[in-house]
Amino acid sequence: MTTAIGAASAAATSTPGTAAEPTHVDVLIVGAGISGIGSAWHLQQQCPGKSYAILEMKETFGGTWETHKYPGVRSDSDLYTFGYRFKPWVGAPIASGAEILKYLGEVIEENGIGDHIRYGHRITACRWSSDENRWTVEAVRKADGVAVTFTADFLWMCQGYYDHEKPYVPDWPGLSDYKGRFVHAQLWDPDTDYAGKRILVIGSGATAATVVPAFAEKAAHVTMLQRSPTYFFCSENKNELADRLREVGIDEPTIHRVVRAQIMYDQDQLTRRAQTEPDAVFEDLKELIRLFSGNPDFQFEPHFTPRYRVWQQRLAFCPEGDIFRAATEGKLTVVTDTIDRFTETGVRTSDGTEIEADIIVAATGFNLSVMGGIPFSVDGRTVDWGETVTYRGMMMTGVPNLAWVMGYFRASWTLRVDMMGDFVCNLLGHMDDIGAKKVEVALRPEDQGMDILPWIEEDNFNPGYLMRGLSEMPKRGDKSEWRHNQDYWAEKDAFPHIDLTDPAFVYDGQRATKREAVAAE
């Protein structure tokens, strides 16, 4: 891993205090997190003749797994599906942040990806020119403040969907009055000593589900204050099928492929049941909580009965039922209410309950950041992503030669990274075959009059960060081609059959079918 990082850092340097010479690549990948690393692997494997670079704002790889350092940070997806399809996962299904970073580092080192990463580069602008059929990307190298210019024929945006520097903190009354330590989980300093302290965690989603049981191991007591409850799925942190296959001597690539298929089948069945019989699914989830908490009389009202349907937000995975064991053992108190105000010693809730705490941790989620908040322009026109329409959640009308990786939230994010890797590489190969320099998506004649709607239906998927920033997201149509439907099980069959000659694709200003006809003459 050291070799890969060292090579990347060396490649990023130039004389301090001077503007670096422009660098041109066929494909520029933005972000060296799980999306960017996976996309780079696919590009190397499927388009070996393409030159590429990865621009990363941080000083190392990992994205989300480098940002979050709070106690107990772990995946809330199993690593058999959250890991890449090309790199077998051999550990427990739910992995720590450190284990995931190790896995990503191995992918970088084993495939020479580090030579292509430019760490510590903050992008300040992306400009497309139709005269040159290329992107110009301006960045500042953080180490010395030097302005750096890259040009690229194609942009592959893998920077994620939220602001890594400014998390979401509500405007709570009296926050400045609080005399203890207040921190958002996203900004947690791992050197903080919380042993023997009273800790208040505000929130109830995946972050809270992770940090609460970790705090409970050393804190004097933990209180979780939630506005509304979350659905939890409790399970052992192991996969019996994987363990059995290893026991009988099956090779790891085969285990990885088979276990991925098993998990995705089970998730599909659970999703379908959640939509058709949500009450029955909730009863099953309750039974798992009773089992893993060790309390057959565990009380679900009022703190563990959500107000939304089970499929509308991501299930919070709870390995070994750790958060419920903490509650059963008296290490955790749950309060369901809203905040009236902060006080010098803690928080007062709307019903007058006083919660005193030495440390208050906000697990209140993210601020949405569409395209990393980078200013984009096309032929001098500023791009407003909220005015574009998305093609399958990865390309946007009016924005040429660009793909955006937006993964799944109900299924593992990385499943879409792999599928989009196939799609983008197929698209680049097709452009080479027909001699096209520019591709964009556009509504077809049969799409005229189609309803143009927000990115996703609120009753389909409605986490707070998405609802707060929905107007900033690209729009969707009412046809499957013009939306990101968050349904891996439908897309896994549709993606391999995307027709690159469909009139939705416009090559060098001509619709695909017309372009093909001209090329064939």
Side-chain angles (χ1 to χ4, degrees), residues 26-28 30 126-136 152-157 370-371 374-406 416 419-420 422-456 470-485 490-491 494-521:
D26 296 323
V27 180
L28 187 63
V30 177
C126 295
R127 302 189 301 273
W128 169 265
S129 167
S130 293
D131 291 335
E132 299 177 337
N133 281 328
R134 64 174 49 176
W135 286 97
T136 297
D153 299 329
F154 194 94
L155 270 187
W156 202 334
M157 301 298 294
V370 181
M371 298 296 171
I374 300 165
F376 275 76
S377 63
V378 172
D379 295 330
R381 175 183 55 83
T382 299
V383 175
D384 179 350
W385 299 105
E387 295 299 317
T388 67
V389 180
T390 185
Y391 177 81
R392 298 186 186 272
M394 56 184 177
M395 297 178 70
M396 273 61 73
T397 54
V399 185
N401 291 30
L402 179 144
W404 177 37
V405 176
M406 185 69 168
R416 207 163 200 264
M419 289 199 308
M420 278 195 60
D422 294 336
F423 167 78
V424 173
C425 291
N426 287 340
L427 178 62
L428 293 173
H430 180 68
M431 291 175 69
D432 288 344
D433 289 344
I434 64 174
K437 301 298 184 183
K438 174 182 176 182
V439 61
E440 56 188 316
V441 292
L443 299 185
R444 302 160 298 189
E446 61 264 36
D447 299 321
Q448 301 306 313
M450 176 177 64
D451 289 338
I452 304 299
L453 305 161
W455 172 264
I456 199 165
L470 196 58
S471 64
E472 302 172 30
M473 293 286 283
K475 297 295 190 292
R476 65 178 166 89
D478 59 11
K479 299 179 180 180
S480 60
E481 300 95 328
W482 299 107
R483 61 176 299 168
H484 180 3
N485 62 16
E491 289 198 330
F495 263 56
H497 302 290
I498 291 175
D499 182 4
L500 296 176
T501 67
D502 185 280
F505 294 97
V506 179
Y507 298 99
D508 291 343
Q510 300 181 46
R511 289 209 179 263
T513 49
K514 183 177 180 181
R515 168 84 192 201
E516 295 293 303
V518 170
E521 290 178 355

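As a basis for the values below, the full set of heavy atoms in this structure was taken, side chains included, without hydrogen atoms, waters or symmetry mates. Numbering starts at 1 and runs along the sequence shown.
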Please round to the nearest 0.5 Å and tell me the distance separating atom CD of Glu132 and atom NZ of Lys437.
13.5 Å
Nearest 0.5 angstrom please: Thr501 OG1 to Ile434 CD1, how far?
9.5 Å
Side chain proximity check, Val378 to Phe376, heavy atoms < 4.5 angstrom
no
Look only at the side chain of Arg416 and the backbone of Met406, and say whether a donor-acceptor pair between them is shorter than 3.5 Å.
yes
Check for a donor-acceptor pair, side chain of Thr397 on one end and backbone N or O of Val389 on the other, with a separation under 3.5 Å.
yes
Is it true that a side-chain atom of Asn133 and a backbone atom of Lys438 form a donor plus acceptor pair closer than 3.5 Å?
no
List the residues meeting salt bridge (charged side-chain N to carboxylate O under 4.0 Å, His left out) with Asp447, not counting sequence neighbours, and say none if there are none.
Arg444, Lys479
Is there side-chain contact between Arg392 and Ile498, with at least one heavy-atom pair below 4.5 Å?
yes
When you compare the side chain of Trp135 with that of Leu402, does any pair of heavy atoms fall below 4.5 Å?
yes
Does the gap between the ring centers of His430 and Phe505 come in under 6.0 Å?
no
Does Trp385 reach the side chain of Met473, with side-chain heavy atoms less than 4.5 Å apart?
no
Given side chains that start at C-beta, do those of Met394 and Met419 come closer than 4.5 Å, heavy atoms only?
no
Kindly write out the residues that satisfy salt bridge (charged side-chain N to carboxylate O under 4.0 Å, His left out) with Arg476, not counting sequence neighbours, or none if the list is empty.
none
Using modelled atom types and a 3.5 Å cut-off, is there a donor and acceptor pairing between side-chain atoms of Trp482 and backbone atoms of Leu443?
no
Nearest heavy-atom approach of Ser377 to Arg127 is OG-CG, 3.3 Å
Any side-chain heavy-atom pair from Asp422 and Phe495 closer than 4.5 angstrom?
no
Test ring-ring contact (aromatic ring centres under 6.0 Å, His included) applied to Trp404 - qualifying residues, sequence neighbours left out:
Trp455
Backbone N/O of Arg134 and side chain of Asp153: donor-acceptor pair under 3.5 Å:
no
Any Phe154 side-chain heavy atom under 4.5 Å of Asp26 side chain
no
Would you compute the distance between atom CG of Asp508 and atom CE of Met431 and round it to the nearest 0.5 angstrom?
7.0 Å
Answer whether the closest heavy-atom distance between the side chains of Asn401 and Val439 falls below 4.5 Å.
yes
Expected output: side-chain Lys475 to main-chain Gly386 donor-acceptor under 3.5 Å
yes
Heavy-atom nearest pair, Pro400 first then Glu440, reads CA-CB, 4.0 Å
Determine, step by step, whether Met157 and Ile374 satisfy the side chain to side chain contact (heavy atoms under 4.5 Å, CB included) criterion, reporting the C-alpha distance in whole Å, the side-chain angles of both residues, the deciding distance to 0.1 Å, and the verdict.
CA-CA 11 Å; Met157 301 298 294; Ile374 300 165; 4.2 Å; yes
Looking at CD1 of Ile456 and CG of Leu470, how far apart are the two atoms once the value is rounded to the nearest 0.5 Å?
9.0 Å
Test side chain to side chain contact (heavy atoms under 4.5 Å, CB included) on Met371 and Val383 and set out the steps.
CA-CA 11 Å; Met371 298 296 171; Val383 175; over 6 Å; no
